[in-house]
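Structure, as C-alpha cells:
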Amino acid sequence: MKIDKAELKDNILRELRRQYGKTLEEAHEFELYNAISKVALDYAMEKWYNTKKTYAKKQVKQMYYFSAEFLMGRFLGNNLINLQINDVIKETLNELGVDINKIEDREMDAGLGNGGLGRLAACFLDSLATLSLPGHGYGLRYKYGMFEQKIENGFQMEYPDDWTKYGDPWSIKRMDRVFEVKFGGQIEVHRDEFGKEYFKRVNTETVHAVAYDVPVIGYGNDTVNTLRLWEARSPEGFDLKLFNDQTYLQASAKAVQAEDISRVLYPNDTEKDGKQLRLKQQFFFTSASLQDIIRRYKSVFGNDFSKFADKVAIQLNDTHPVVAIPELMRIFLDKEKLGWDEAWNICKNVFAYTNHTILSEALEKWDISLFQPLLPRAYQIIEEINRRFVAELQEKYPGDWERINKMSIIGNGQVRMAWLAIVGSHKVNGVAALHTEILKNIELKEWNELYPEKFLNKTNGITQRRWLLKANPELAALITELIGDKWITNLYELKKLEQYLDDDNILNRVSEIKLHNKEKLAKYIKDTTGIEVNPNSIFDIQVKRLHEYKRQLLNVLHIMDLYNRLKENPYLDVEPRTFIFGAKSAAGYRRAKGIIKLINAVAEKVNNDSDINGKIKVVFLENYRVSLAEKIFPSADVSEQISTASKEASGTGNMKFMLNGALTLGTMDGANVEIVEEVGLENAFIFGLSAQEVENYQAHGGYNPFDEYNSVEGLKKVVDQLGDGTYDDNHTGIFRELQNSLLYGVDGSRPDVYFLLKDFASYREAQDRLQNAFKDRREWTRKALKNIANAGKFSSDRTIAEYAKEIWNIEPVQVQDYIES
C-alpha cells in the first residue's frame, strides 16, 4: 500500500482537531494514539468492506471461531505491520517529532483473554486473514479484563483492568446488530396450524447483545476478517420513574444486572452466584452469535436450511461455548420449525470441538440445579440429546451399564459439557501430538472407541508476524537480510538459516541482538521493580498462567536450593543467573497465590544478600500480558516448560521462546515433544518423568514423596524452609500449606500430586547441564540459531491450513474490489 506522507500528516492532524480540538503540540500521547489508530483504520476500511462483500457475493463457506477469550494484545503496531505501512507511519511521525514507540506504549492491552487459550485464538484469527481464508471470531466484549495484577507486600492483588479507559479506536459499535438473549422463565408447549408441537419461553429475563466489530487484517493481502464481540445491555435500561422517586440504586438495578454479563472476564466462581454468571456469559455470547450467523445465512438462502452445513462451520474453542449446541437446536426446532432429525444432522456437521486440557477436573460440568432454572429449554434439549445417545450406547454395548453411565451426558446431577461437545460435533481435536494420544488412549478412550473417525490432532501454533517480526525487529531484520522475507508468511523458510550455523560472523550478530534485547528488558525491570539485573547473566524465564501443574513451585524450590548451596560455598562455580517469572493466578486459587508470594519472598531474600555477590537474582514481573510478553520472549536464554509430563495439553509460550532463540528446559510434555523432534535432543535440556511413568504412578501408586525428601541431597532443607520461617509469609500459613501439599496432601488429595519432589533431582541436574553449556557462548548461540531455524512447524499458519482442509472445509478467497470510484 502506497501512502503519501504529506497526506498522512494532514490526516493525523485533522483527526486530532476533529476528535479533540487540539494541535499536535497540545495533544496528550493517548490522544495521538487514538488519532493515529483512526487514520490507520481508514486504510483498512475499503479492504474490510470488500472482504465482506466478496464472501456474500461468492456465497463461500465461512468459519466462525467461538471462544470465551481473544487475547489480542495491542492493535496498533500489529495492524500497521499487517497493512505494511509501519515504516511510512514511523517516518511521518518522526518528521512530526513524535516517537511511535511512546505512542504504542499508551495503548492498553485489550482485556479479552487470560492465557494460552485466548492467545491461540488471536493467532488463529491473524493466520486466517493472512491465508485469505473466510474465518471470523465471536466472543464477549468484556468491560474489564480478568484483572490488573499488582504485587503488594509480595501478594497478588487484583484491580479492575479498565482497558478502554483511553478509548477503543479499533472497535466499531453496530447498533444494527442487536439480538435478544433470554434466561430463566418457563416453557410453554404450543401447536402450529398443522398440529406440530413447538415450545415457547415465557416470563424470561431478556438481555440485549450489542455487537462491536474489530477488523482482523491479513498480512500483505486484501483480506480483513471480523472479530465480533458482544456487549450486554438491559432492554429497559435506566428507570427514570424510580430515579424520580429517589430510589436511585433501584433505578439502575436492571441495567447493572444485565451489564454484569459482559463486565469481567472469568468472574470468581467459587460460589453459586459466580458460577451462574459464568454460565450466563457462555450462553449469552453463543446465543447472540448463532442468531447473527442464521440472520446472515437467511439473507442469502432464505428459509432453506439444506445448505447450512455447507456454508457454515463453527469451531468450539474448549468447553466454554459448548452450550451453543443445544441453542442451535432450539433455534432450528422452535423458531425455524425444523424436525429433530434434520436439525440434529445439521448441528453435528456444523460444530467441531477443540479440547485444550488433560485435567479431568477442567472438563466443564454444570450442576443441573443451576443449569436447568437458568436455561430451561436448553436443558430440555440436552435431555433429549442424551436420551437418544444413551439408546445408541445400549444398542452398541448392551448391559454395559458402567460404560453407559460414565458416558452419559447427564449424570451425577450434572451436565457434562465435554461429553455434549463430542456427541454434537463431527470432529474433536487435541492440540499437540502427545495430548491427542493421551485423549484417545486414556482420558477419552471410550469416546475414541465409539467415534474413532471424529478424533484427530492439530498441534497449536503462533503467528510469526507478532512474535518475531513485531516483537523482535532486530532479529527479524537479520533473518530477512540472510534468507529474504518469505518467512513472514511461510515460517518453514527459516530452515535456510541452518547454512549459517558455523558462520562466526552470523553467530556473533545473533548473540549481539540477544544481548541488546536483554539490556532493554533489564532496563524495564529496573524501571518497574527497582531490581538491577546483569544482562550478561543467564535469563532463565518462566511466564505463563500460575497453576500447580505448571510447576512454578519446582522452579522456586530449585532457586532456594541454589541459594542454599551458594550460602554454604560462596565460591561455587555458578554462572550468574536471573530468574524471571510472570504469571497471574485465578483470584480464588489460594495455593497458586501462595506460590506468587513465595517467589517474591525468595526474591526479597536472595536479591538483598551481599554474601552471594549478585550471582542469582529473582524477579517477578507483575501484570503479565501480551505487550509485556513482547519484551520478554526476545530476551530469554532459557525457556522454562516444566509442567508435569502428561498434564500440559500443548503450550504456545514454548514456541514463542524457541522462535526467538531460547533453549527449552522442560519435560517431555505437550508440544515440547514436537519441539525436541524438530530441533534435536542435544539442543534442549530435558528432564523428569515421562508421561507414561506419571500415568503409571497415578493408576497404580507406588510413589512416596518422603523417599525423595529423605534421600535427595539438599531437598529436605528446602522443603523444611517452607515451614520454618526462613521465608516469612506474614503468618498466613500459606507456605506451610504448600509444604503439606508436597508431603501429606491437602483437602484429601494425594501428596505431591504433580511430582515436584520426584522430579527435583533430575531438574537440578538439567539446570547444572544448562549453566555449564552457557559457558561456551559460541556453542550456546549455535544451539539458539538451530532452534530458530527449526521453528517452522509451529506457525499458526500451518495449524490453520490443517484445520481449513481437514475440519472446516473452507478455501482461500480472492477479495474483489466493490468500492465505486
Side-chain angles (χ1 to χ4, degrees), residues 64 66-68 138 179-189 197-202 204-205 207 209 275-276 278-294 305 308-309 312-353 363-392 407-411 413-426 428:
Y64 305 96
F66 280 25
S67 180
Y138 272 115
F179 297 95
E180 288 187 348
V181 179
K182 298 178 183 292
F183 299 100
Q186 295 83 42
I187 308 300
E188 289 183 349
V189 182
E197 190 176 77
Y198 68 96
F199 298 81
K200 187 176 180 182
R201 298 172 295 172
V202 297
T204 59
E205 173 197 352
V207 178
K275 290 181 172 65
Q276 185 179 71
R278 283 213 190 189
L279 182 54
K280 270 189 165 185
Q281 288 183 329
Q282 294 177 10
F283 182 75
F284 171 78
F285 96 80
T286 55
S287 177
S289 303
L290 290 170
Q291 292 179 65
D292 193 33
I293 290 168
I294 289 173
F305 285 94
F308 194 81
V312 173
I314 298 174
Q315 189 70 33
L316 303 172
N317 191 27
D318 217 1
T319 50
H320 309 120
V322 168
V323 72
I325 293 173
E327 174 63 358
L328 185 56
M329 285 294 290
R330 182 198 66 79
I331 294 171
F332 281 154
L333 296 170
D334 298 353
K335 196 170 181 182
E336 304 300 338
K337 305 300 190 292
L338 273 60
W340 180 279
D341 291 340
E342 182 184 5
W344 184 239
N345 186 57
I346 294 171
C347 276
K348 286 195 297 182
N349 284 293
V350 164
F351 288 111
Y353 161 57
L363 293 173
E364 199 168 47
K365 306 174 187 71
W366 292 108
D367 289 344
I368 294 171
S369 60
L370 184 147
F371 193 105
Q372 186 177 26
L374 189 66
L375 306 173
R377 182 62 177 135
Y379 182 73
Q380 272 188 346
I381 291 168
I382 292 171
E383 281 188 312
E384 181 61 16
I385 293 171
N386 192 52
R387 185 189 69 78
R388 293 171 181 242
F389 174 62
V390 167
E392 177 188 336
M407 297 180 72
S408 174
I409 297 168
I410 299 173
Q414 294 180 314
V415 181
R416 299 158 172 165
M417 302 306 284
W419 291 184
L420 176 61
I422 297 169
V423 173
S425 299
H426 69 283
V428 177

(request) Dump the intermediate steps for side chain to side chain contact (heavy atoms under 4.5 Å, CB included) on Phe179 and Leu290, then the final yes or no. (result) CA-CA 10 Å; Phe179 297 95; Leu290 290 170; over 6 Å; no
(request) Check step by step if side chain to side chain contact (heavy atoms under 4.5 Å, CB included) holds for Phe351 and Leu328. (result) CA-CA 10 Å; Phe351 288 111; Leu328 185 56; 3.6 Å; yes
(request) State which residues pass ring pair (Phe, Tyr, Trp, His ring centres under 6.0 Å) with Tyr64; sequence neighbours excluded, sorted by chain then number. (result) His136, Tyr138
(message) Within this structure, what is the NZ-CD1 distance for the pair Lys348 and Ile385, rounded to the nearest 0.5 Å?
(response) 10.5 Å
(request) Would you name the heavy atoms of Ala309 and Asn349 that are closest together and state the gap between them? (result) CB-CB, 3.8 Å
(message) Taking salt bridge (Lys or Arg N to Asp or Glu O under 4.0 Å) as the definition, give me every residue that meets it alongside Arg388, ordered by chain and number, with sequence neighbours left out.
(response) Asp341, Glu384
(message) Taking side-chain contact (heavy atoms from CB on, under 4.5 Å) as the definition, give me every residue that meets it alongside Ala378, ordered by chain and number, with sequence neighbours left out.
(response) Pro326, Phe371, Leu375
(request) Mind checking salt bridge (Lys or Arg N to Asp or Glu O under 4.0 Å) for Glu180 and listing every partner two or more places apart, or none if nothing turns up? (result) Lys182
(request) Not counting sequence neighbours, list each pair that qualifies as a side chain to side chain donor-acceptor pair (under 3.5 Å) and has a residue in residues 367-377. (result) Asp334-Arg377, Asp367-Gln414, Arg377-Gln380
(request) Inspect the surroundings of NZ in Lys200 and state if more than 12 heavy atoms from other residues, nucleotides or ligands are less than 6.0 Å away. (result) no
(message) Please find the pair of heavy atoms, one from Phe183 and one from Val207, that lie closest to each other, and give the distance.
(response) CE1-CG2, 4.0 Å
(message) I'd like to check Val189 versus Phe199 (side-chain heavy atoms, cut-off strictly below 4.5 Å). Are they in contact?
(response) yes
(request) Measure across Pro321 and Phe285 and return the closest heavy-atom pair with its distance rounded to 0.1 Å. (result) CB-CZ, 3.8 Å
(request) State, yes or no, whether a side-chain contact exists between Thr319 and Trp419 at a heavy-atom distance under 4.5 Å. (result) no
(message) Within the 4.5 Å heavy-atom criterion, are Arg201 and Ile187 side-chain neighbours or not?
(response) yes
(request) Please name all residues satisfying salt bridge (Lys or Arg N to Asp or Glu O under 4.0 Å) with Glu205, sequence neighbours left out, ordered by chain then number. (result) Lys280
(request) Report the residues that fulfil salt bridge (Lys or Arg N to Asp or Glu O under 4.0 Å) with Glu336, sequence neighbours left out, ordered by chain and then residue number. (result) Lys298
(request) Look up atom CG in Asn386 and atom OG in Ser408, then write down how far apart they are to the nearest 0.5 Å. (result) 3.5 Å
(request) Go through the structure and list residues passing side-chain hydrogen bond (donor to acceptor under 3.5 Å, both in side chains) with Gln282, not counting sequence neighbours. (result) Glu364
(message) According to ring pair (Phe, Tyr, Trp, His ring centres under 6.0 Å), who are the partners of Tyr198, at least two apart in sequence or on a separate chain?
(response) His190
(request) Report the residues that fulfil side-chain hydrogen bond (donor to acceptor under 3.5 Å, both in side chains) with Ser289, sequence neighbours left out, ordered by chain and then residue number. (result) Trp230
(message) How close do Pro376 and Gly184 get, counting heavy atoms only, and between which atoms?
(response) CG-O, 3.6 Å
(message) List the residues meeting side-chain hydrogen bond (donor to acceptor under 3.5 Å, both in side chains) with Ser287, not counting sequence neighbours, and say none if there are none.
(response) Gln291, Glu327
(message) Let's go through Trp366 and Lys275 carefully: what are the C-alpha distance in whole Å and the side-chain angles of both, what is the deciding distance for side chain to side chain contact (heavy atoms under 4.5 Å, CB included) to 0.1 Å, and is it a yes or a no?
(response) CA-CA 9 Å; Trp366 292 108; Lys275 290 181 172 65; 4.1 Å; yes
(request) For residues Val322 and Ala421, report the shortest heavy-atom separation together with the two atoms involved. (result) CG2-CB, 3.6 Å
(request) Kindly compute the distance separating CG (Leu338) from CE (Met329), expressed to the nearest 0.5 Å. (result) 9.0 Å
(request) Specify the closest pair of heavy atoms between Ala324 and Thr286, including all atoms of both residues, with the distance to one decimal. (result) CB-CB, 3.8 Å
(message) For a side chain to side chain contact (heavy atoms under 4.5 Å, CB included) check, start with the C-alpha distance between Tyr353 and Met417, then their side-chain angles and the critical distance, and finish with the verdict.
(response) CA-CA 11 Å; Tyr353 161 57; Met417 302 306 284; over 6 Å; no
(message) With rounding to the nearest 0.5 angstrom, report the CD to CG distance, Glu342 to Leu333.
(response) 10.0 Å
(request) Measure the shortest side-chain to side-chain distance between Val312 and Phe305 over non-hydrogen atoms and say whether it is less than 4.5 angstrom. (result) no
(request) Can you measure from CZ (Phe332) to CG (Asn345) and round to the nearest 0.5 angstrom? (result) 10.5 Å
(message) Among residues at least two apart in sequence or on other chains, which ones pass ring pair (Phe, Tyr, Trp, His ring centres under 6.0 Å) with Tyr379?
(response) none
